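Here's the structure, in structure tokens; my notes come after.
Computed from a predicted structure; not experimentally measured.
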Amino acid sequence: MTDWTDPDAFAQVLEHVETKEKGNCFEDFEEGDVIEHDPGLTLTQFGNEGWMSQTLNHDPAYWRTDAAEERGFDEPPVHPDYLTAATLGITVEDLSEKGGYFLGRTDVRFPTAPVYTGTELHVESEVVNCATSSSRPEYGIVSWRTRGKDAETGDVLCSYERTNMIPRREPVATDGSGAAAAKDDGDDGPDLPDEFIAPDGGYFEDFVEALEAADDENAAVAYRHERGRTQDDVTVASLPLSTLNTAKQHHNVDVMSDSPSGDIVTYGDVTRSTALGHARSDEETWREVGFDDESFHTFVAVGDTVYAFTRVLEAEAAASSDEAGTVTFEHIAFNQNDEPVYSGTRTAEIRTRPS
């Protein structure tokens, strides 16, 4: 009788058996399809605090009852970064577990805020576009509109549109016309301002004053943040799995050993949230409004350090509270080699100076 656990015999078995694959290929998506994602997730205090602590998001309103009540919350709410990551994580098994490049996300909004722990999150995605990739015939490009809902009320808690390259079962023939154009040899380099101005503080008025000073010069309000966060097993493997993100890129070292990174890589929302945590530590955040034009430029792996850079784009007095104004930022996360790894615009309400 054959011992199936004999290494030689078992190796032959593995060569012949079928692999039960997970995830979907490009051909499985059709514009207009609506996908209901299982199993859903209950947003817990443990998950919320775990996410915030590991990404250095230490705004006291999300930790302490007194600070939450001062901000107008009934209790410390779910942090929007954790909510966003959980909404996307639940979708991975159906949408992007097969791999492929995360091309971007935009129109991240929180229609029902605040959200409190104990809420059961149910997520659905609608396929809004399917396209051929001319430069990569083994992939197609799919965009989804995803909505994270309160399972009890049906209220939308988080919504966004994201776009990924998704592997095809069969590559298509192309002429390669989608390849990136060659750089212009006559390019003299970036057109940068003569001066970079940092605000004196983190209140709304500090950003307004810095923008006004920049208007009088060839200047930009832009600065880097001192803190960095080196990626470890918790941020790279544990945090994505806590949001049900099953993508092999984050937990299967064997598969990723032959990838360009050579190792498992950080969930993009961990990279993003870490950089935003650095930025928020230098401002008086009141509320998060939304995010647009988010891109992930290269992978982040165990041992890489995530830093953050901020450019202030505009400020206006209108906000949901008389105690805040609205500021739009561009945030860029970069690694220890000063390479951008994430970028996006963020609109937030920033506390005004106490009178």
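Of the possible donor and acceptor atoms, one in the side chain of Thr243 sits under 3.5 Å from a partner among the backbone N and O of Pro240. When atom types are taken as modelled, the side chain of Asp6 and the backbone of Asp3 share no donor-acceptor pair closer than 3.5 angstrom. Remark: side-chain polar atoms of Ser261 are paired, donor with acceptor, to backbone N or O of Asp263 under 3.5 angstrom. A donor-acceptor contact shorter than 3.5 Å is absent between the side chain of Thr163 and the backbone of Ser143. Panel note: side chain Thr326, backbone Ala318; a donor-acceptor pair is recorded below 3.5 Å. Panel note: side chain Arg287, backbone Arg71; a donor-acceptor pair is recorded below 3.5 Å. Checked by atom type and distance alone, the side chain of Thr345 pairs as donor or acceptor with a backbone atom of Asp292 at under 3.5 Å. Side-chain N or O atoms of Asp94 include none that pairs as donor or acceptor with a backbone N or O of Thr91 at under 3.5 Å. When atom types are taken as modelled, the side chain of His37 and the backbone of Leu95 share no donor-acceptor pair closer than 3.5 angstrom. The backbone N or O of Val300 sits less than 3.5 Å from a side-chain atom of Thr266, completing a donor-acceptor pair.
Under the 4.5 Å side-chain criterion, counting only non-hydrogen atoms from C-beta, Leu88 is not in contact with Thr146. By the 4.5 Å heavy-atom criterion applied to side chains, Glu31 and Asn129 are counted as neighbours. Counting heavy atoms from C-beta outward, His251 and Ile264 have side chains that stay 4.5 Å or more apart. A 4.5 Å side-chain heavy-atom check between Gln54 and Leu239 finds at least one atom pair inside the cut-off. Taking the side chain as every heavy atom from C-beta outward, Gln231 and Val270 approach each other to under 4.5 Å. Side-chain contact between Tyr267 and Phe102 is absent, with no heavy atoms from C-beta onward closer than 4.5 Å. With a 4.5 Å cut-off on side-chain heavy atoms, Thr65 and Pro76 count as touching. Using a 4.5 Å heavy-atom threshold, the side chains of Leu83 and Leu121 count as touching.
When every heavy atom of Ala301 is checked against every heavy atom of Val236, the shortest pair comes out as C-CG2, 4.4 Å. Closest approach of Cys25 and Lys98 over heavy atoms only: SG-CE, 3.9 Å. Ile197 and Tyr223 get closest at one heavy-atom pair: O-CD2, 4.4 Å. In terms of heavy-atom proximity, Arg145 sits nearest to Val128 at CB-CG1, 3.9 Å. Of all the heavy atoms in Ala279 and Thr310, the pair that sits closest is CB-OG1, 3.8 Å.
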(request) May I have the step-by-step check of side-chain hydrogen bond (donor to acceptor under 3.5 Å, both in side chains) for Glu288 and His79, ending in yes or no? (result) CA-CA 9 Å; Glu288 295 294 334; His79 196 282; 5.8 Å; no

(message) Before you tell me yes or no, could you show the steps for Asn245 and His250 under side chain to side chain contact (heavy atoms under 4.5 Å, CB included), namely the whole-Å CA-CA distance, both residues' side-chain angles and the distance that decides it to 0.1 Å?
(response) CA-CA 8 Å; Asn245 186 335; His250 311 312; 3.6 Å; yes

(message) Assess the residue pair Ser273 and Leu276 against the criterion (side chain to side chain contact (heavy atoms under 4.5 Å, CB included)); give the C-alpha distance rounded to whole Å, side-chain angles, the decisive distance to 0.1 Å, and a yes or no.
(response) CA-CA 5 Å; Ser273 188; Leu276 295 177; 5.6 Å; no

(message) Before you tell me yes or no, could you show the steps for Glu339 and Thr298 under side-chain hydrogen bond (donor to acceptor under 3.5 Å, both in side chains), namely the whole-Å CA-CA distance, both residues' side-chain angles and the distance that decides it to 0.1 Å?
(response) CA-CA 8 Å; Glu339 299 168 327; Thr298 190; 5.9 Å; no

(request) Start with the C-alpha gap between Tyr116 and Phe73, add the side-chain angles, then the distance that decides, and say whether side chain to side chain contact (heavy atoms under 4.5 Å, CB included) holds. (result) CA-CA 9 Å; Tyr116 296 108; Phe73 302 135; 3.8 Å; yes

(request) Kindly indicate, with the supporting measurements, whether the criterion side chain to side chain contact (heavy atoms under 4.5 Å, CB included) is fulfilled by Asn164 and Tyr139. (result) CA-CA 10 Å; Asn164 275 62; Tyr139 290 93; over 6 Å; no

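More than 12 heavy atoms of other residues, nucleotides or ligands shown are found within 6.0 angstrom of CZ on Arg147. Around atom CG of Asp233, no more than 12 heavy atoms belonging to other residues, nucleotides or ligands sit under 6.0 Å away. Summarising the local packing, CZ of Arg227 is surrounded by 12 or fewer heavy atoms from other residues, nucleotides or ligands at distances under 6.0 Å. For CD of Glu75, the number of neighbouring non-hydrogen atoms (other residues, nucleotides, ligands) closer than 6.0 Å is greater than 12. In this structure, Asp200 places its CG atom where only 12 or fewer heavy-atom neighbours from other residues, nucleotides or ligands lie under 6.0 Å away. Counting heavy atoms of neighbouring residues, nucleotides and ligands inside a 6.0 Å radius, atom CZ of Phe10 does not exceed 12 of them. Heavy-atom neighbours of Glu170 CD from other residues, nucleotides or ligands within 6.0 Å: at or below the threshold of 12. Sparse packing is recorded around CG of Asp322, with 12 or fewer heavy atoms of other residues, nucleotides or ligands lying under 6.0 Å away.
Partner of Arg280 under the side chain to side chain contact (heavy atoms under 4.5 Å, CB included) criterion, chosen from Asp59, Asn57, Leu56: Asn57. With Arg346 as reference, Glu283 is the one residue of Glu314, Glu294, Glu283, Glu330 to meet the salt bridge (charged side-chain N to carboxylate O under 4.0 Å, His left out) rule.
Ring pair His58/Trp63 is perpendicular by interplanar angle, where above 60° counts as perpendicular and below 30° as parallel. Tyr307 and Phe334 have parallel rings, their planes meeting at less than 30° on a 0 to 90° scale where 60° marks the start of perpendicular. Between Phe329 and His331, the two ring planes are parallel [angle under 30°; tilted spans 30° to 60°]. Aromatic ring pairs are classed by plane angle as parallel below 30°, tilted from 30° to 60° and perpendicular above 60°; the pair Tyr82 and Trp51 is tilted.
Atoms OG and CZ, on Ser159 and Arg109 in that order, are 8.0 Å from each other to the nearest 0.5 Å. Considering CD1 of Ile350 and OH of Tyr203, their distance stands at 11.5 Å, rounded to 0.5 Å. For the atom pair CD of Glu124 and NE2 of His122, the computed distance is 6.0 Å after rounding to the nearest 0.5 Å. With rounding to the nearest 0.5 Å, the separation of CD in Glu97 from CG in Asn24 is 9.5 Å. Between Arg105 atom CZ and Ser295 atom OG the span is 10.5 Å, to the nearest 0.5 Å. Rounded to the nearest 0.5 angstrom, Arg311 CZ and Phe196 CZ are separated by 9.5 Å.
Residues passing the salt bridge (charged side-chain N to carboxylate O under 4.0 Å, His left out) test with Asp206 are Arg353, sequence neighbours excluded.
Side-chain atoms of Thr112 and Asp155 form no donor-acceptor pair, as typed in the model, at a separation below 3.5 Å. Side chains of Thr44 and Thr117: a donor-acceptor N/O pair is absent below 3.5 angstrom, by distance only. Asp304 and Gln336 share a side-chain donor-acceptor pair at under 3.5 Å.
The pair Glu21-Arg169 does not meet the salt-bridge criterion, since no charged nitrogen lies less than 4.0 angstrom from a carboxylate oxygen.
Between Trp286 and Phe204, the ring center distance fails the sub-6.0 Å criterion.
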